[in-house]
Amino acid sequence: MRRATVYRYSVPMEAGVVLRNQRLKTRDGFLVSLWQDEKTGWGEVAPLPGFSAEDVSQAQDAVQHGLSQWVQGASLAAVASAFSALPSVAFGLSCADAELRGELPEVLSTRCAPLCHGDPNELYARLGALPGDFRGRKVAKVKVGLYESVGDGLNVSMLLEALPELHLRLDANRSWTPVKAAGFARHVAPELRSRIAFIEEPCLTRGQSRDFARLTGIAIAWDESVRETGFTVKAEPGLAAIIIKPTLTGSLMRCRQLIAQAHAAGLEAVISSSIESSLGLTQLARIAQWLTPDAIPGLDTLDLMQTQLIRRWPGSELPLTDESDLEIVWQSK
Ligand SMILES: O=C(O)CCC(=O)c1ccccc1C(=O)O
Ligand SMILES: [Mg+2]
(Lines give C-alpha, C1' and ligand atoms only; values in the text may rest on other atoms or scores of the structure.)
(Ligands and ions follow the chains in the order given, each with its own letter.)
Protein backbone atom coordinates (compact mmCIF):
# COMPACT_ATOMS: atom_id res chain seq x y z
CA MET A 1 0.00 0.00 0.00
CA ARG A 2 1.30 3.43 -0.99
CA ARG A 3 0.00 6.86 -0.04
CA ALA A 4 1.08 10.33 -1.02
CA THR A 5 0.21 13.85 0.15
CA VAL A 6 1.09 17.17 -1.44
CA TYR A 7 1.21 20.30 0.74
CA ARG A 8 1.47 23.80 -0.62
CA TYR A 9 3.50 26.40 1.21
CA SER A 10 4.05 30.13 0.96
CA VAL A 11 6.67 31.49 3.36
CA PRO A 12 7.13 35.26 3.81
CA MET A 13 10.64 36.43 2.98
CA GLU A 14 12.66 39.05 4.77
CA ALA A 15 12.12 42.45 3.18
CA GLY A 16 14.55 43.23 0.43
CA VAL A 17 15.33 39.78 -0.97
CA VAL A 18 15.95 40.60 -4.63
CA LEU A 19 16.62 37.92 -7.21
CA ARG A 20 17.60 38.88 -10.74
CA ASN A 21 16.00 42.30 -10.38
CA GLN A 22 12.71 41.04 -8.97
CA ARG A 23 11.67 41.23 -5.35
CA LEU A 24 10.78 37.89 -3.79
CA LYS A 25 8.05 38.57 -1.22
CA THR A 26 7.16 34.97 -0.53
CA ARG A 27 8.83 31.66 -1.32
CA ASP A 28 6.21 29.33 -2.77
CA GLY A 29 6.41 25.63 -3.33
CA PHE A 30 5.26 22.16 -2.33
CA LEU A 31 6.25 19.55 0.18
CA VAL A 32 5.42 15.97 -0.70
CA SER A 33 5.18 13.15 1.74
CA LEU A 34 5.19 9.50 0.74
CA TRP A 35 4.10 6.61 2.88
CA GLN A 36 4.73 2.94 2.27
CA ASP A 37 5.00 -0.02 4.66
CA GLU A 38 5.16 2.19 7.78
CA LYS A 39 7.99 4.23 6.24
CA THR A 40 7.80 7.83 5.11
CA GLY A 41 9.83 10.07 2.85
CA TRP A 42 9.60 13.81 2.28
CA GLY A 43 10.68 16.02 -0.57
CA GLU A 44 10.44 19.70 -1.52
CA VAL A 45 9.45 20.94 -4.96
CA ALA A 46 10.02 24.68 -5.19
CA PRO A 47 10.72 26.26 -8.59
CA LEU A 48 12.66 29.49 -8.08
CA PRO A 49 11.21 32.53 -9.90
CA GLY A 50 13.71 34.03 -12.32
CA PHE A 51 15.78 30.83 -12.34
CA SER A 52 13.49 27.84 -12.94
CA ALA A 53 11.83 27.44 -16.34
CA GLU A 54 8.81 25.76 -14.71
CA ASP A 55 6.36 27.70 -12.54
CA VAL A 56 4.41 26.63 -9.48
CA SER A 57 1.31 25.46 -11.35
CA GLN A 58 3.28 23.38 -13.86
CA ALA A 59 5.20 21.87 -10.97
CA GLN A 60 1.98 21.02 -9.14
CA ASP A 61 0.48 19.27 -12.19
CA ALA A 62 3.64 17.25 -12.69
CA VAL A 63 3.93 16.31 -9.01
CA GLN A 64 0.34 15.07 -8.87
CA HIS A 65 0.71 13.17 -12.12
CA GLY A 66 3.98 11.58 -10.99
CA LEU A 67 2.66 10.65 -7.57
CA SER A 68 -0.49 9.04 -8.95
CA GLN A 69 1.74 6.84 -11.10
CA TRP A 70 3.85 5.97 -8.07
CA VAL A 71 0.77 5.10 -5.99
CA GLN A 72 -0.24 2.71 -8.76
CA GLY A 73 3.10 0.92 -8.59
CA ALA A 74 5.53 2.83 -10.81
CA SER A 75 9.11 3.35 -9.62
CA LEU A 76 9.51 6.91 -8.36
CA ALA A 77 13.12 7.06 -9.52
CA ALA A 78 11.88 6.37 -13.06
CA VAL A 79 9.04 8.90 -12.67
CA ALA A 80 11.49 11.54 -11.41
CA SER A 81 13.92 10.92 -14.27
CA ALA A 82 11.09 11.46 -16.76
CA PHE A 83 10.70 15.00 -15.39
CA SER A 84 14.12 16.20 -16.54
CA ALA A 85 12.43 19.23 -18.13
CA LEU A 86 11.08 20.19 -14.68
CA PRO A 87 14.18 19.97 -12.48
CA SER A 88 12.46 21.10 -9.26
CA VAL A 89 9.95 18.26 -9.63
CA ALA A 90 12.61 15.69 -10.48
CA PHE A 91 14.69 16.75 -7.48
CA GLY A 92 11.87 16.85 -4.91
CA LEU A 93 10.34 13.52 -5.93
CA SER A 94 13.72 11.79 -6.05
CA CYS A 95 14.54 13.07 -2.54
CA ALA A 96 11.26 11.78 -1.15
CA ASP A 97 11.97 8.44 -2.80
CA ALA A 98 15.54 8.32 -1.44
CA GLU A 99 14.28 9.05 2.09
CA LEU A 100 11.57 6.43 1.85
CA ARG A 101 14.07 3.80 0.75
CA GLY A 102 16.54 4.82 3.47
CA GLU A 103 19.11 5.83 0.87
CA LEU A 104 19.64 9.42 1.99
CA PRO A 105 21.83 9.31 5.13
CA GLU A 106 20.50 11.13 8.19
CA VAL A 107 23.84 12.69 9.14
CA LEU A 108 23.53 16.42 8.94
CA SER A 109 26.19 19.06 9.35
CA THR A 110 25.02 22.67 9.50
CA ARG A 111 28.41 23.82 8.35
CA CYS A 112 28.14 25.97 5.24
CA ALA A 113 29.85 28.96 3.68
CA PRO A 114 28.29 32.05 5.26
CA LEU A 115 27.15 34.82 2.96
CA CYS A 116 29.05 37.98 3.92
CA HIS A 117 26.84 41.01 4.27
CA GLY A 118 25.70 43.59 6.80
CA ASP A 119 27.53 45.38 9.56
CA PRO A 120 31.33 44.93 9.20
CA ASN A 121 31.94 44.49 12.94
CA GLU A 122 29.37 41.72 13.21
CA LEU A 123 30.70 40.16 10.03
CA TYR A 124 34.29 40.09 11.32
CA ALA A 125 33.14 38.50 14.58
CA ARG A 126 31.13 35.90 12.67
CA LEU A 127 33.99 35.08 10.32
CA GLY A 128 36.49 34.98 13.15
CA ALA A 129 34.37 32.33 14.88
CA LEU A 130 33.99 30.15 11.75
CA PRO A 131 35.36 26.61 12.05
CA GLY A 132 37.98 25.65 9.48
CA ASP A 133 37.42 23.01 6.79
CA PHE A 134 39.53 19.82 6.62
CA ARG A 135 42.46 21.97 5.47
CA GLY A 136 41.92 24.53 8.23
CA ARG A 137 40.50 27.10 5.85
CA LYS A 138 37.61 29.32 6.85
CA VAL A 139 35.37 29.51 3.78
CA ALA A 140 32.84 32.31 3.23
CA LYS A 141 31.01 33.72 0.24
CA VAL A 142 30.71 37.30 -1.05
CA LYS A 143 28.32 38.44 -3.78
CA VAL A 144 30.07 40.82 -6.13
CA GLY A 145 28.96 42.64 -9.27
CA LEU A 146 26.09 44.52 -7.65
CA TYR A 147 27.98 47.81 -7.31
CA GLU A 148 31.26 49.16 -8.73
CA SER A 149 33.75 46.39 -9.40
CA VAL A 150 36.56 48.51 -7.94
CA GLY A 151 34.64 48.69 -4.65
CA ASP A 152 34.25 44.90 -4.74
CA GLY A 153 37.99 44.55 -5.16
CA LEU A 154 38.71 46.84 -2.20
CA ASN A 155 36.15 45.10 -0.01
CA VAL A 156 37.45 41.61 -0.80
CA SER A 157 41.05 42.74 -0.17
CA MET A 158 40.08 44.24 3.15
CA LEU A 159 38.45 40.99 4.32
CA LEU A 160 41.36 38.83 3.18
CA GLU A 161 43.90 41.12 4.80
CA ALA A 162 42.01 41.25 8.10
CA LEU A 163 41.53 37.47 8.42
CA PRO A 164 44.56 35.40 7.39
CA GLU A 165 42.77 32.01 7.45
CA LEU A 166 39.89 33.30 5.39
CA HIS A 167 39.30 31.88 1.91
CA LEU A 168 36.57 33.51 -0.12
CA ARG A 169 34.19 32.27 -2.74
CA LEU A 170 32.92 35.15 -4.83
CA ASP A 171 29.88 35.17 -7.07
CA ALA A 172 29.43 37.67 -9.87
CA ASN A 173 26.54 35.92 -11.64
CA ARG A 174 27.95 36.91 -15.06
CA SER A 175 27.66 40.60 -14.37
CA TRP A 176 31.10 41.94 -15.38
CA THR A 177 32.38 43.08 -18.72
CA PRO A 178 36.07 42.24 -19.23
CA VAL A 179 36.89 45.86 -18.33
CA LYS A 180 34.95 45.72 -15.05
CA ALA A 181 36.47 42.33 -14.21
CA ALA A 182 39.92 43.82 -14.73
CA GLY A 183 38.94 46.77 -12.49
CA PHE A 184 38.13 44.28 -9.74
CA ALA A 185 41.37 42.36 -10.11
CA ARG A 186 43.50 45.53 -10.12
CA HIS A 187 42.42 46.13 -6.53
CA VAL A 188 43.22 42.64 -5.26
CA ALA A 189 46.95 42.25 -4.68
CA PRO A 190 48.48 39.17 -6.39
CA GLU A 191 49.49 37.63 -3.05
CA LEU A 192 45.84 37.68 -1.89
CA ARG A 193 44.44 36.07 -5.04
CA SER A 194 45.20 32.48 -4.05
CA ARG A 195 42.81 32.93 -1.12
CA ILE A 196 39.97 33.49 -3.53
CA ALA A 197 38.89 29.84 -3.75
CA PHE A 198 36.99 30.76 -6.90
CA ILE A 199 34.72 33.34 -8.40
CA GLU A 200 31.48 32.03 -9.89
CA GLU A 201 30.93 33.14 -13.49
CA PRO A 202 32.68 36.55 -13.44
CA CYS A 203 31.69 37.55 -16.98
CA LEU A 204 28.81 37.32 -19.39
CA THR A 205 30.39 34.62 -21.54
CA ARG A 206 32.39 31.56 -20.61
CA GLY A 207 35.16 32.70 -22.94
CA GLN A 208 35.51 36.02 -21.11
CA SER A 209 35.50 34.24 -17.74
CA ARG A 210 38.28 31.91 -18.93
CA ASP A 211 40.30 34.92 -20.08
CA PHE A 212 39.79 36.55 -16.68
CA ALA A 213 41.14 33.45 -14.93
CA ARG A 214 44.13 33.29 -17.25
CA LEU A 215 44.98 36.99 -16.96
CA THR A 216 44.51 37.34 -13.19
CA GLY A 217 45.39 33.92 -11.79
CA ILE A 218 42.04 33.97 -9.93
CA ALA A 219 40.25 30.63 -10.17
CA ILE A 220 36.69 30.46 -11.52
CA ALA A 221 33.68 28.17 -11.03
CA TRP A 222 30.75 27.36 -13.30
CA ASP A 223 27.26 27.83 -11.89
CA GLU A 224 24.74 29.00 -14.55
CA SER A 225 26.80 27.15 -17.19
CA VAL A 226 26.23 23.79 -15.52
CA ARG A 227 22.52 24.07 -16.34
CA GLU A 228 22.92 25.10 -19.97
CA THR A 229 22.21 22.58 -22.69
CA GLY A 230 25.33 21.09 -24.14
CA PHE A 231 27.44 21.73 -21.00
CA THR A 232 29.84 18.95 -20.18
CA VAL A 233 31.96 18.70 -17.05
CA LYS A 234 35.66 18.93 -17.88
CA ALA A 235 38.86 20.21 -16.34
CA GLU A 236 40.03 23.54 -17.79
CA PRO A 237 42.92 25.83 -16.86
CA GLY A 238 41.80 28.11 -14.01
CA LEU A 239 38.59 26.20 -13.30
CA ALA A 240 38.28 25.10 -9.65
CA ALA A 241 34.70 23.97 -9.15
CA ILE A 242 31.20 23.48 -10.42
CA ILE A 243 28.21 24.67 -8.40
CA ILE A 244 25.25 22.30 -8.24
CA LYS A 245 21.86 23.71 -7.27
CA PRO A 246 19.77 20.52 -7.23
CA THR A 247 16.38 22.29 -7.40
CA LEU A 248 17.52 23.89 -10.66
CA THR A 249 19.39 20.84 -11.90
CA GLY A 250 17.21 17.75 -11.55
CA SER A 251 16.95 14.36 -9.92
CA LEU A 252 19.30 13.13 -7.24
CA MET A 253 20.61 10.70 -9.86
CA ARG A 254 21.47 13.59 -12.22
CA CYS A 255 23.17 15.47 -9.35
CA ARG A 256 25.18 12.38 -8.41
CA GLN A 257 26.27 11.99 -12.00
CA LEU A 258 27.52 15.61 -12.15
CA ILE A 259 29.33 15.22 -8.82
CA ALA A 260 31.03 12.03 -10.01
CA GLN A 261 32.07 13.72 -13.27
CA ALA A 262 33.46 16.72 -11.37
CA HIS A 263 35.46 14.55 -9.00
CA ALA A 264 36.79 12.45 -11.88
CA ALA A 265 37.98 15.68 -13.56
CA GLY A 266 39.66 16.87 -10.34
CA LEU A 267 37.11 19.63 -9.78
CA GLU A 268 35.34 20.52 -6.56
CA ALA A 269 31.55 20.01 -6.64
CA VAL A 270 29.70 22.45 -4.39
CA ILE A 271 26.09 21.76 -3.43
CA SER A 272 24.20 25.00 -3.15
CA SER A 273 20.80 26.33 -2.16
CA SER A 274 18.03 27.59 -4.44
CA ILE A 275 16.42 29.16 -1.35
CA GLU A 276 14.58 26.04 -0.21
CA SER A 277 12.72 25.94 3.11
CA SER A 278 14.37 24.37 6.16
CA LEU A 279 13.06 20.98 4.99
CA GLY A 280 14.81 21.19 1.63
CA LEU A 281 17.90 22.82 3.15
CA THR A 282 18.41 20.07 5.73
CA GLN A 283 18.13 17.53 2.90
CA LEU A 284 20.73 19.46 0.88
CA ALA A 285 23.01 19.47 3.93
CA ARG A 286 22.60 15.65 4.18
CA ILE A 287 23.27 15.23 0.46
CA ALA A 288 26.39 17.42 0.74
CA GLN A 289 27.67 15.46 3.75
CA TRP A 290 27.05 12.20 1.86
CA LEU A 291 28.27 13.01 -1.65
CA THR A 292 30.69 15.96 -1.27
CA PRO A 293 32.06 15.56 2.30
CA ASP A 294 35.18 17.64 1.61
CA ALA A 295 33.39 20.61 0.01
CA ILE A 296 31.58 23.07 2.26
CA PRO A 297 28.13 23.61 0.73
CA GLY A 298 26.54 26.98 -0.02
CA LEU A 299 23.43 26.80 2.13
CA ASP A 300 23.38 30.05 4.08
CA THR A 301 19.92 31.14 2.90
CA LEU A 302 17.55 30.10 5.69
CA ASP A 303 17.65 33.55 7.31
CA LEU A 304 16.11 35.08 4.18
CA MET A 305 12.86 33.43 5.34
CA GLN A 306 10.59 34.20 8.26
CA THR A 307 9.69 30.60 9.21
CA GLN A 308 10.98 27.05 9.00
CA LEU A 309 8.88 24.18 7.66
CA ILE A 310 8.38 20.71 9.26
CA ARG A 311 12.03 20.15 10.12
CA ARG A 312 14.33 22.47 11.98
CA TRP A 313 17.71 23.61 10.81
CA PRO A 314 19.74 22.88 13.97
CA GLY A 315 20.44 26.06 15.89
CA SER A 316 17.99 28.25 14.00
CA GLU A 317 15.64 30.27 16.15
CA LEU A 318 13.10 30.92 13.40
CA PRO A 319 9.59 29.69 14.28
CA LEU A 320 8.49 26.31 12.91
CA THR A 321 5.38 25.64 10.84
CA ASP A 322 4.38 22.01 11.17
CA GLU A 323 2.45 19.60 9.00
CA SER A 324 -0.94 20.39 10.53
CA ASP A 325 -0.57 24.08 9.60
CA LEU A 326 0.11 23.41 5.93
CA GLU A 327 -2.55 23.33 3.24
CA ILE A 328 -3.07 19.91 1.62
CA VAL A 329 -3.61 20.38 -2.11
CA TRP A 330 -3.66 16.75 -3.20
CA GLN A 331 -3.82 13.33 -1.58
CA SER A 332 -3.92 9.83 -3.05
CA LYS A 333 -7.01 7.73 -2.34
O1 LIG B 1 25.48 29.49 -3.24
C2 LIG B 1 25.23 29.94 -2.10
O3 LIG B 1 26.08 29.97 -1.21
C4 LIG B 1 23.87 30.45 -1.75
C5 LIG B 1 22.87 30.40 -2.84
C6 LIG B 1 23.01 31.44 -3.91
O7 LIG B 1 23.96 32.17 -3.94
C8 LIG B 1 21.93 31.54 -4.90
C9 LIG B 1 20.67 31.12 -4.53
C10 LIG B 1 19.60 31.17 -5.41
C11 LIG B 1 19.81 31.65 -6.68
C12 LIG B 1 21.06 32.09 -7.08
C13 LIG B 1 22.13 32.04 -6.21
C14 LIG B 1 23.48 32.47 -6.72
O15 LIG B 1 24.36 31.63 -6.84
O16 LIG B 1 23.64 33.65 -7.03
MG1 LIG C 1 26.01 31.90 -8.58
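Order of appearance sets the numbers: ligands from 1, and atoms from 1 within every ligand. Everything quoted here is computed from the prediction, not taken from an experiment. Nothing fancy with the numbering, it's 1 onward along the sequence.
Closest to atom 14 (C) of ligand 1 by heavy atom, among E276, K143, E200, is K143.
One side chain, E236 or W222, offers a donor N or O that lies under 3.5 Å from an acceptor on the other. Of the N and O atoms on the side chains of S94 and S251, not one donor lies less than 3.5 Å from an acceptor on the other residue. For the 3.5 Å distance criterion, the side chains of E44 and Y9 qualify, holding a donor opposite an acceptor.
Residue D171 places a heavy atom less than 4.0 Å from ligand 1. Contact analysis puts S273 in contact with ligand 1, with a non-hydrogen atom separation below 4.0 angstrom. Residue contacts with ligand 1: V270 is excluded, as none of its non-hydrogen atoms falls under 4.0 Å.
Any N or O atom pair closer than 3.5 Å counts here, and S272 shares at least one such pair with ligand 1. At under 3.5 Å, a nitrogen or oxygen of D223, whether backbone or side chain, sits near a nitrogen or oxygen of ligand 1. For a threshold of 3.5 Å applied to N or O pairs, the pair formed by S274 and ligand 1 contains no separation below that value.
Atom OD2 is the N/O/S atom of D171 found closest to the Mg ion (ligand 2). Looking only at its N/O/S atoms, D223 has OD2 as the one nearest to the Mg ion (ligand 2). Checked against the Mg ion (ligand 2), the N, O or S atom of E200 at the shortest distance is OE1.
Checking L160, V188, L159 one by one against R195, the side chain to side chain contact (heavy atoms under 4.5 Å, CB included) holds for a single residue, L160. For the side chain to side chain contact (heavy atoms under 4.5 Å, CB included) with V142, the lone residue among L115, L170, L123 that qualifies is L170. Between E201 and the choices R210, R174, R206, the salt bridge (Lys or Arg N to Asp or Glu O under 4.0 Å) rule is met once, by R174.
For atom 4 (C) of ligand 1, the nearest non-hydrogen atom of the protein is G298 O, 3.6 Å. In this structure, the protein non-hydrogen atom closest to atom 2 (C) of ligand 1 is K141 NZ, 3.3 Å. Atom 13 (C) of ligand 1 has as its closest protein heavy atom K245 CE, 3.4 Å.
The aromatic rings of W42 and Y7 lie parallel to each other, with less than 30° between the two planes, well short of the 60° mark.
The side chain of L48, and not its backbone, has at least one atom closer than 4.0 Å to an atom of ligand 1 (non-hydrogen atoms only; side chain from C-beta on).
Relative to the ring axis of F51, R20 places its NZ or CZ within 45° and under 6.0 Å from the centre.
Side-chain N or O atoms of S209 include one that pairs as donor or acceptor with a backbone N or O of C203 at under 3.5 Å.
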